[in-house]
Amino acid sequence: MSKKANTFRTPIGTRDLMPSDSARWEAVTNVFTGVASRAGFSLVDTPIFEDIGVFSRIGEGTDVVGKEMYEFRDRSDRPMALRPEGTAAVCRAFAQHRPAVPWKVYYRGPYFRYEAPQAGRFRQFHQFGIESIGSDDPDIDVEVIALAWEVLRSVGLQRVLLIVNSMGDQNTRILYQEALRSYLLDNSNEIDEQDRDKVASHPLRVLDSKRSATQAVTNDAPKIGEYLSSEAEQHFDRVKDGLGSLGIPFAIEPKLVRGLDYYTHTTFEFQSSALETAQNTVCGGGRYNGLIEELGGPPTPGIGFGMGIERLLLACDAEESFPAPGSDTQVWLVDVADGRSARDLTHQLRNLGIVADRAFDGRSMRSQMRSADRSGAEIALIIGEQELADQTVAIRMLRDEEAAQTIVPRDEILREVERLLGLDS
RNA sequence: GUGAUCGUAGCUCAGUUGGUUAGAGCGCCUGUCUGUGGCACAGGAGGUCGGGGGUUCAAUUCCCCUCGGUCACCCCA
């Protein structure tokens, strides 16, 4: 679309958050931070780029680090990467600062993955997330899942599906992976050839293939549930029990393994059934009992989730929920005299905490009134030559057709506006 | 990275047997309705038809390349 050589646009897969959308974005952010902070989580904000090693721990073989990472070297030749996800960076922060446990934090911000954009997928995308570090109490798993649920409910989503699974501890994971690998190898002829090369290297990845030939094979594959240790099974039972007790509907999906290598025990995903696009996962998370140790910290369990803001809003669009909030302008100054009244009164109103605005450039009354109307303001304060001479202000209630325009002395106008807005005690 | 599809005013889109000054709706600006918005009416600004090359007397319209949007695969939020 660039029309001249010197015009620019946002890079592929990125976009501007324009004022027409930003109020809704802020509102959904407030919903999330409200839910998280009511549950005792505090904000943690980590850098947008890190030593690339932080993210390699996610799993060298995963697409996220293998082929989607924005890697670069800084001017001192240090290998860095733009963060592709939140958990690893938060765990790095934990390992670095060693805060007291339980460490319950939330975060939100941009993440980067070098992928071809499509519906619900961007190169710069945004997530909300929480991490609860320091305990392997299964009730924390329940708490984390319940908070994600709460956010989804709070933005009005009805058509969400929670699926959960358990990966067991690291040991069961290894055992299962072996069993799965040999099963898949035995049946590799039936598997779609697109998936076949993953059998040996990443058998777990084969489980979430969408290809029907592959699915036919994996449907009869050994289930990870059969390999859980009794501790892992107890843990998972407690999680299921907790979700049931909180009235959160869920389905168990033995093939849910998720794309990052660090998961142990509980994994979960919320999908929007209102989204018809290929990407309908709105939130994903799980437990990662070995990750912090991987990052040089003490062995510490943790669990968390990431929620894609763009996808969340897409789901809201699909369900026609969570509309953009309206204007917050309360008062508009219309000054067709010399402009000084508008200048001074907006200042004074704002100092009282009132949202006040005005037009510039000495536009016509008609033009200024139109701006007042469009701003959504309740009240227009009008000052023309007459009012200037009389030291008065005309008050017009823009949202009430019945109301007659009134004239108030200039030195009473602030009090009158407060009264009209119901701000007087 | 692969494939499909699209690319005309700020937005949504018309516009082919290739041929005068490229259109509409919405939005924006100005004005009329005897200083006053939401309605109506009148006028106006705004496009080298994504970019480059080619074919042709002539290309928005045909061909090639390129850039970008969208969707899908892969994978994931």
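Within every chain, numbering begins at 1; the chains are lettered A, B, ... in the order of the sequence lines, protein sequences first and strands thereafter.
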Atom-pair distance (OH on Tyr106(A); C1' on rA77(B)), nearest Å: 19 Å

Assigned partner base of rC73(B), Watson-Crick or wobble definition, under 3.5 Å: rG1(B)

Sugar-phosphate, base or nothing in reach of Ile309(A), heavy atoms under 4.0 Å: nothing

Sugar-phosphate, base or nothing in reach of Val334(A), heavy atoms under 4.0 Å: nothing

Options rC74(B), rA72(B), rG38(B), nucleotide nearest the side-chain atoms of Asp373(A): rG38(B)

C1' gap between rU17(B) and rC62(B), integer Å: 12 Å

Gln279(A) side-chain N/O to rC76(B) phosphate OP1/OP2 under 4.0 Å: no

P atoms of rG53(B) and rU60(B), separation to the nearest Å: 13 Å

Ring geometry between Phe32(A) and Phe128(A) (parallel below 30°, tilted from 30 to 60°, perpendicular above 60°): parallel

Counterpart base for rC49(B), defined by Watson-Crick or G-U wobble contacts under 3.5 Å: none

Lys/Arg-Asp/Glu bridge criterion (N-O < 4.0 Å) met for Asp317(A), Arg24(A): yes

Interatomic distance, Phe55(A) CZ vs rA77(B) P [rounded to whole Å]: 14 Å

4.5 Å side-chain heavy-atom contact, Gln271(A) and Ile163(A): yes

rU61(B) pairs with, by Watson-Crick or G-U criteria that keep both distances under 3.5 Å: none

OP1 or OP2 of rG37(B) under 4.0 Å from side-chain N/O of Gln368(A): no

Whole-Å C1' distance, rU8(B) and rC49(B): 4 Å

Under 3.5 Å donor-acceptor, Asp16(A) side chain and Met18(A) backbone: no

Asp208(A) CG - rC74(B) P separation (whole Å): 10 Å

side-chain N/O Arg399(A) vs rG38(B) OP1/OP2, d < 4.0 Å: no

Under 3.5 Å on both distances, the Watson-Crick or G-U partner of rU34(B): none

Sugar-phosphate, base or nothing in reach of Phe128(A), heavy atoms under 4.0 Å: nothing

5'-most by nearest nucleotide on RNA chain B - Asp400(A) or Asn280(A): Asp400(A)

Touch class at under 4.0 angstrom, heavy-atom based, for Ala119(A) against every strand present: sugar-phosphate

Presence of salt bridge, Arg287(A) and Asp136(A), under 4.0 angstrom: no

Gap separating the CD1 atom of Ile382(A) from the CE atom of Met365(A), nearest 0.5 angstrom: 5.0 Å

Expected output: side-chain Gln391(A) to main-chain Arg410(A) donor-acceptor under 3.5 Å: no

Heavy-atom side-chain contact between Leu313(A) and Val155(A) under 4.5 Å: no

Interatomic distance, Glu68(A) CD vs rC74(B) C1' [rounded to whole Å]: 9 Å

Distance, P atom - from rC26(B) to rG43(B), rounded to whole angstrom: 14 Å

Sequence-distant partners of Leu152(A), side chain to side chain contact (heavy atoms under 4.5 Å, CB included), two or more places apart: Leu157(A), Val160(A), Phe270(A), Val282(A), Met307(A), Leu312(A)

d(CG, Leu312(A); C1', rA77(B)) in whole Å: 10 Å

Touch class at under 4.0 angstrom, heavy-atom based, for Thr62(A) against every strand present: nothing

For rU21(B), the Watson-Crick or wobble partner whose two distances fall under 3.5 Å: none

Whole-Å distance separating the CD atom of Glu401(A) from the C1' atom of rG38(B): 8 Å

Donor-acceptor pair under 3.5 Å, Glu115(A) side chain vs rA77(B) base: yes

Distance between C1' atoms of rG50(B) and rG69(B) (Å, rounded): 10 Å

Where protein sits on nucleotides 28-36 of chain B, one letter per nucleotide: B base, S sugar-phosphate only, - none, heavy atoms under 4.0 Å: SSSBBB-BB

Separation of the P atoms in rC63(B) and rA4(B), to the nearest angstrom: 16 Å

side-chain N/O Lys210(A) vs rC73(B) OP1/OP2, d < 4.0 Å: yes

Gap between atoms CD1 and C1', on Ile130(A) and rA77(B) respectively (whole Å): 15 Å

Sugar-phosphate only, base, or nothing, as touched by Gly120(A) at under 4.0 Å among non-hydrogen atoms: base

Separation of the C1' atoms in rA45(B) and rC6(B), to the nearest angstrom: 29 Å

Atom-pair distance (CG on Asp197(A); C1' on rG1(B)), nearest Å: 14 Å

Sugar-phosphate, base or nothing in reach of Arg211(A), heavy atoms under 4.0 Å: sugar-phosphate

rG27(B) - base-pair partner by Watson-Crick or wobble geometry, distances under 3.5 Å: none

Heavy-atom donor-acceptor pair, Arg205(A) side-chain to rC74(B) base, under 3.5 Å: no

First of Gly284(A) and Pro117(A) reached from the 5' end of RNA chain B, by closest nucleotide: Pro117(A)

NZ/NE/NH1/NH2 to OD/OE distance under 4.0 Å, Asp335(A) and Arg358(A): no

Separation between the P atoms of rG19(B) and rU61(B), rounded to whole Å: 10 Å

Cation-aromatic face contact Lys240(A)/Phe236(A), 6.0 Å, 45 degrees: yes

Tyr111(A) ring over rA77(B) six-membered base ring, under 5.5 Å and 30°: no

